[in-house]
Amino acid sequence: MRQKIIMDVDTGIDDSLALLYLLGSPDAEIAGIAATAGNVSAAQVAANNIAWLDVCHAPDIEVALGAADPIAIPLRTTEDTHGPQGVGYAELPASTRLLSPRPAARMWADQARAHPGELVGLCTGPLTNLALALRIEPELPVLLRRLVIMGGAFNHPGNTTPTNEWNVHVDPEAAKEVFDAFAAAPAQRRPIVCALDITETIEMRPSHLVRLAERAKSFPVELVSENDQPEARSAASNPIVRYVTDAVRFYFDFHRSYDQGYLAHMHDPFAAAVALDPTLARTRPATVDVELAGTLTRATTVADWAGMWGREPNADIVIGTDPELFFERLITRVGDFARAVHPPAAQEVR
Ligand code: RIB
Ligand code: CA
């Protein structure tokens with residue numbers, strides 16, 4: 001059975017892989033994409049998504065523009081992490097697809113009302129537009145079939161300040177509104193939270209890109225390396241493989257520049273895989289809240305695992321997974337999809 005999914009993204013290199021994962025998943029039907037400001041501006045996020053949809057020869061999928069700024073503070077973007085346009089070194093051809101006439105928050109509310117109990121929500125960016133949607137439709141926690149959030153850090157260092165994670169850092173007020181509201185979700189449908197604790201174990205390496213190119217029957221199969229120059233570009237015959245390679249190589253360079261190794265944490269496609277198949281994740285319930293006032297700790301997500309606050313759990317936090325099983329699925333789905341969309345010319349089949 002195909003699952004209807006609303007993606008709320010801040011594309012973003014790993015957000016791009018989340019989109020490709022869902023486009024390549026026969027069990028997924030993308031009902032809409034909300035473009036949220038975060039890694040880059042909301043307008044650039046929207047442009048990146050319609051450009052990817054063109055590269056993938058995707059059908060008309062609604063892409064709705066989100067709010068220009070977080071709900072309470074000015075926007076902070078991170079081009080140093082995701083590249084000047086948010087897709088690393090990739091230079092995606094601009095698309096002429098039209099954006100939705102309705103804003104992202106309205107799309108969330110309308111789609112949830114139109115498909116009660118059916119929609120899976122996947123948030124891989126700041127929670128700005130989901131918070132705005134909750135103000136329009138407070139019943140969202142019971143209207144959604146499932147919500148998966150990539151965000152936060154619990155028993156794990158932050159990636160933006162010592163204790164907070166980027167998506168929550170950009171809009172902590174929105175994150176608090178979302179976690180508070182989803183206390184109303186039924187116990188079996190608490191938001192599944194993929195925090196840095198687990199997503200920083202999902203380490204893509206150059207060998208994964210080799211496997212992707214081979215699966216896609218793309219050539220040449222390229223082994224990118226830290227010695228490649230920034231201006232280098234992939235020559236892969238398959239456009240999806242080519243743009244993924246150019247995007248991810250920027251992410252490899254970024255992680256290496258922070259002494260994390262020549263690798264890239266695949267936060268968002270992991271969350272997408274969990275959204276389609278929660279059995280990929282081992283979870284533990286907790287009450288999650290977000291610090292807003294701390295001088296050093298603002299935007300830190302705090303998990304009460306033991307009920308010390310006397311509040312019911314409002315989240316199922318992922319505490320374990322099998323990274324290699326995830327990569328097997330990612331490479332199989334995206335590789336087969338890339339080959340189907342851009343089949344190798346007859347004489348090129350290796
Ligand atoms: O902290 C990682 C998250 O922040 C990922 O979703 C990445 O795309 C950025 O949005
Ligand atoms: Ca993201």
Side-chain angles (χ1 to χ4, degrees), residues 5-22 33-42 44-49 52 63 66-67 70 75-88 90 104 121-130 147-154 156-172 174-175 178 191-204 244 247-248 250-255 258 260 263-275 288 290 299-301 317-318 326 330:
I5 296 213
I6 277 204
M7 299 183 78
D8 192 322
V9 297
D10 65 335
T11 310
I13 295 167
D14 55 335
D15 305 75
S16 301
L17 271 292
L19 174 62
L20 293 171
Y21 184 91
L22 294 181
I33 300 172
T36 289
N39 290 323
V40 291
S41 71
Q44 185 61 56
V45 170
N48 291 340
N49 278 278
W52 275 118
V63 177
L75 174 63
R76 176 188 171 192
T77 56
T78 182
E79 287 78 3
D80 61 321
T81 308
H82 289 265
Q85 295 187 316
V87 284
L122 168 64
C123 296
T124 63
L127 294 170
T128 309
N129 294 295
L130 181 51
L147 177 67
V148 175
I149 295 170
M150 191 281 132
F154 296 101
H156 193 85
N159 64 358
T160 306
T161 69
T163 61
N164 74 32
E165 176 277 326
W166 173 258
N167 289 334
V168 178
H169 173 91
V170 168
D171 198 340
V178 168
I192 300 172
V193 182
C194 303
L196 296 182
D197 308 54
I198 207 76
T199 63
E200 288 193 348
T201 70
I202 312 294
E203 299 180 338
M204 179 175 274
V244 164
V248 171
F250 189 99
Y251 222 16
F252 286 156
D253 287 345
F254 171 80
H255 286 76
Y258 282 85
Q260 293 180 296
L263 55 88
H265 295 138
M266 285 293 134
H267 313 277
D268 297 344
F270 174 73
V274 171
V288 171
V290 181
T300 299
T301 48
I317 298 173
V318 178
F326 160 73
L330 176 74

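Both ligands and their constituent atoms are indexed starting at 1 by order of listing.
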If you define the side chain from C-beta out and look only at heavy atoms, does anything of V170 sit under 4.5 Å from L75? yes
List ligand 1 atoms under 4.0 Å from M150, heavy atoms only on the residue side. 2 (C), 3 (C), 5 (C), 6 (O)
Enumerate the atoms of ligand 1 whose separation from the nearest heavy atom of D10 is less than 4.0 angstrom. 8 (O), 10 (O)
Check each heavy atom of [X] against ligand 1 and say whether those closer than 4.0 Å belong to the side chain, the backbone, both or neither.
X: T81; answer: neither
X: N159; answer: side chain
X: H265; answer: neither
X: T78; answer: neither

Kindly confirm whether the Ca ion (ligand 2) is within less than 3.0 Å of some N/O/S atom in D14? no
Kindly confirm whether the Ca ion (ligand 2) is within less than 3.0 Å of some N/O/S atom in T124? yes
Closest to atom 2 (C) of ligand 1 among protein heavy atoms sits E165 OE2, 3.4 Å
For atom 8 (O) of ligand 1, grab the closest protein heavy atom and report residue, atom and distance to one decimal in Å. D14 OD1, 2.5 Å
N or O contact, D268 vs ligand 1, cut-off under 3.5 Å: yes
Under 3.5 Å: N/O of H267 near N/O of ligand 1: no
Is the closest side-chain donor-acceptor distance between [X] and [Y] under 3.5 Å?
X: T78; Y: D80; result: yes
X: T128; Y: D171; result: yes
X: T160; Y: H169; result: no
X: S16; Y: W52; result: yes
X: T77; Y: E79; result: yes

Between the main-chain N or O of D10 and the side-chain N or O of N39, is there a donor-acceptor pair closer than 3.5 Å? yes
Check whether D15 reaches the backbone of V9 with its side chain - one donor and one acceptor, N or O, closer than 3.5 Å. no
Closest approach to the Ca ion (ligand 2) by D268, given as the N, O or S atom name: OD2
